[in-house]
Enquirer: 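Structure in structure tokens, see below.
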Amino acid sequence: MGGGAALTWRGVVEQRAVAEQAADESARIAAMTAAERRTARGGTDGFQEPVVSQPPTRSTAVPMRVLIPELGVDSSLERLHQDARGVLVAPEYADQAGWWAKGVVPGDTGAAVIVGHLDTILGPAVFEHLKQLRPGDLIEVRMSDGRTLRFAVDGSHVVKKALFPSDQVYGPTPDAQLRLITCSEPFDPVAHSYTDNLVVFATLKS
Amino acid sequence: MIRIRRPLFAALAAALLAVALPAAPASAASRDGWVRLAHMSPDTAAVNITLSSLSGDVTLFRLQNVGYGAVSKYMRLPQGTYALAMVPAGENDPNATPVVSGSVKITAGKAETLAAIGKNDDLKTTVFTDDLNTVSGDDARVRIVQASVTHKTVDAKAGSTTVASDASFGDVSKYATVKAGSTAIDLSAGSDTQTVTQQFAAGSAHTLFVIDDSKGDLTVSPALDSAAATETPVGSLAAGGGGLADGTSEVALVLAAMAAAGGAIAFGAMARRRREVLGS
């Protein structure tokens, strides 16, 4: 009981202090001249010329390498294209990832896409260990203009290929993002294909 | 680990399914959303902006010296409600009375803009949600925010497309779909008209803040809301051959045997066909 009363009393004292502070502030502002008040509020004499920056255009640089320190991945990047039916064709080589060249340039607003194989029929490929990536892990992309872009993993999704979430993977984003895509188990031995894709979502670190 | 460099044995790749895909929110991989901040008060000097937890205990972002007309980059935050305070940029007292304060609710997968609008002695904040929807083909999307303090209502057209009619101070128009490329934006308020040219990339969405220049004439401060590739690939990716999967070791064994027996010729023949088979 006593503790409760003390707490309540302290609450009343604090409320009074806040109210007094607010009253002091109002009195201080009321005592100011209009010009002083304006200055205190950051007001200017007349209108300023606005700071206007045009939205960025597509970067002319291209990604050259992708590095994932956590997994020991350090791969050059081939250019990936779509086939006649619009399907994105995976990299030609097992040990080299590829960047979807008609898509977003890494570092630009939007989701840039890098694809690597999980394996071949003979053994592991460049993105073998992709599923081990955890939120916060680093992905670096070296650009042709010498920049190194650093992306942090946001999370991963294993998705059924038949229900591939194109909007999530390729859809508009308000910031610069990266997607790493590979295959994921289970393997369908009849179709000789994995039934799922693993998509890693990452965002450019500012 | 084997790091072989050879064409993929893609003859075994399965046909991909090109199916209709369900719509899903952008970036569902996390519970985060985004907010950006805009200073659109023509007679308020540059401000420092802090974005903090509602209790004010934790400062999450601090932007220095944000001038009139400026729109910040998007900042990523976990879902929740946050407090914002703007103080004059020259003010060093951390307890200084803010020029304006407000709050913003962040929803996972959504982007918000919090703008300070109005003249200095009547400054307010307004919050609106930005477009993260897919824009098809060669189109772009554009809207206006009427933040001019000298014009009661404003009309805006992008080329021949009407973006806003009679927009009042503080109004945020719907997005209009326009052809990508260089577009003339016509602003009019009564007899007062201005034309500004804007570049819209295909697949992108834009907000044009309609504001006043130093002479009180209409102008715009453009901001990119979101962007994507101009087209979306069909379906999924075939990025594995199965060598790591359970129960396929016999395939590898057969292949190893083939290779040992001089099957490399057959391998080469198939490898040359890879261009045809990889996309299937």
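We name chains A, B, ... by the order of the sequence lines, and we start the count at 1 in each one. Predicted model, so just to flag it, every value in this text is computed and none were measured.
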Enquirer: Ignoring hydrogens, what is the shortest heavy-atom contact between P172(A) and T134(B)? Give both atom names and the distance.
Expert: CD-OG1, 3.5 Å
Enquirer: Which is it for F47(A) and V149(B) under the side-chain contact (heavy atoms from CB on, under 4.5 Å) test, yes or no, and what are the steps along the way?
Expert: CA-CA 10 Å; F47(A) 287 2; V149(B) 298; 3.4 Å; yes
Enquirer: Heavy-atom distance under 4.5 Å to chain A: side chain of N133(B), backbone, both or neither?
Expert: backbone
Enquirer: What pairs with D137(A) under salt bridge (charged side-chain N to carboxylate O under 4.0 Å, His left out), at least two apart in sequence or on another chain?
Expert: none
Enquirer: Report the distance from atom CG of L237(B) to atom OG of S184(A), rounding to the nearest 0.5 Å.
Expert: 12.5 Å
Enquirer: Does CZ in R79(A) sit with more than 12 non-hydrogen atoms of other residues, nucleotides or ligands closer than 6.0 Å?
Expert: no
Enquirer: Could you grab the distance from atom CG of L224(B) to atom OG1 of T57(A), nearest 0.5 Å is fine?
Expert: 11.0 Å
Enquirer: By a 4.5 Å heavy-atom criterion (distance strictly below it), what part of S204(B) contacts chain A: side chain, backbone, both, or neither?
Expert: neither
Enquirer: When heavy-atom pairs shorter than 4.5 Å are enumerated against chain A, which of S226(B), A227(B), A228(B) gives the highest number?
Expert: A227(B)
Enquirer: Look up atom OG1 in T203(A) and atom CG in D32(B), then write down how far apart they are to the nearest 0.5 Å.
Expert: 8.0 Å
Enquirer: Is any side-chain heavy atom of Y68(B) closer than 4.5 Å to one of V51(A)?
Expert: no
Enquirer: Run the side-chain contact (heavy atoms from CB on, under 4.5 Å) check on T173(A) and L132(B) step by step: do they pass?
Expert: CA-CA 6 Å; T173(A) 66; L132(B) 296 179; 5.8 Å; no
Enquirer: For E231(B) versus W100(A), what's the shortest heavy-atom pair and its separation?
Expert: O-CH2, 3.0 Å
Enquirer: Consider only side-chain N and O atoms of R41(A) and T44(B), and report whether a donor and an acceptor are under 3.5 Å apart.
Expert: no
Enquirer: With a 4.5 angstrom heavy-atom cut-off, which part of S53(A) approaches chain B: side chain, backbone, both or neither?
Expert: backbone
Enquirer: Between A112(A) and chain B, which part of the residue has a heavy atom less than 4.5 Å away: side chain, backbone, both or neither?
Expert: neither
Enquirer: Heavy-atom pairs under 4.5 Å with chain B: which of P135(A), G103(A), G86(A), A111(A) has the most?
Expert: G86(A)
Enquirer: Which heavy atom of P55(A) sits nearest a heavy atom of P222(B), and at what distance?
Expert: CD-CG, 3.7 Å
Enquirer: With only heavy atoms counted, which part of K73(B) is less than 4.5 Å from chain A, the side chain, the backbone, both or neither?
Expert: neither
Enquirer: What are the two closest non-hydrogen atoms of P50(A) and G69(B), and how far apart are they?
Expert: CB-CA, 4.2 Å
Enquirer: Measure from the side-chain N and O atoms of E49(A) to the backbone N and O of D213(B), and report whether any donor-acceptor pair falls under 3.5 Å.
Expert: no
Enquirer: By a 4.5 Å heavy-atom criterion (distance strictly below it), what part of Q48(A) contacts chain B: side chain, backbone, both, or neither?
Expert: both
Enquirer: Provide the closest heavy-atom pair for S236(B) versus N197(A) in the form atom of the first, atom of the second, distance.
Expert: CB-OD1, 3.0 Å
Enquirer: Going through the checks in order, is the side-chain contact (heavy atoms from CB on, under 4.5 Å) test met by R76(B) and D154(A)?
Expert: CA-CA 11 Å; R76(B) 190 187 182 114; D154(A) 299 316; 3.5 Å; yes
Enquirer: Taking all non-hydrogen atoms of both residues, which atom of K102(A) and which atom of A229(B) are closest, and how far apart?
Expert: O-CB, 4.3 Å
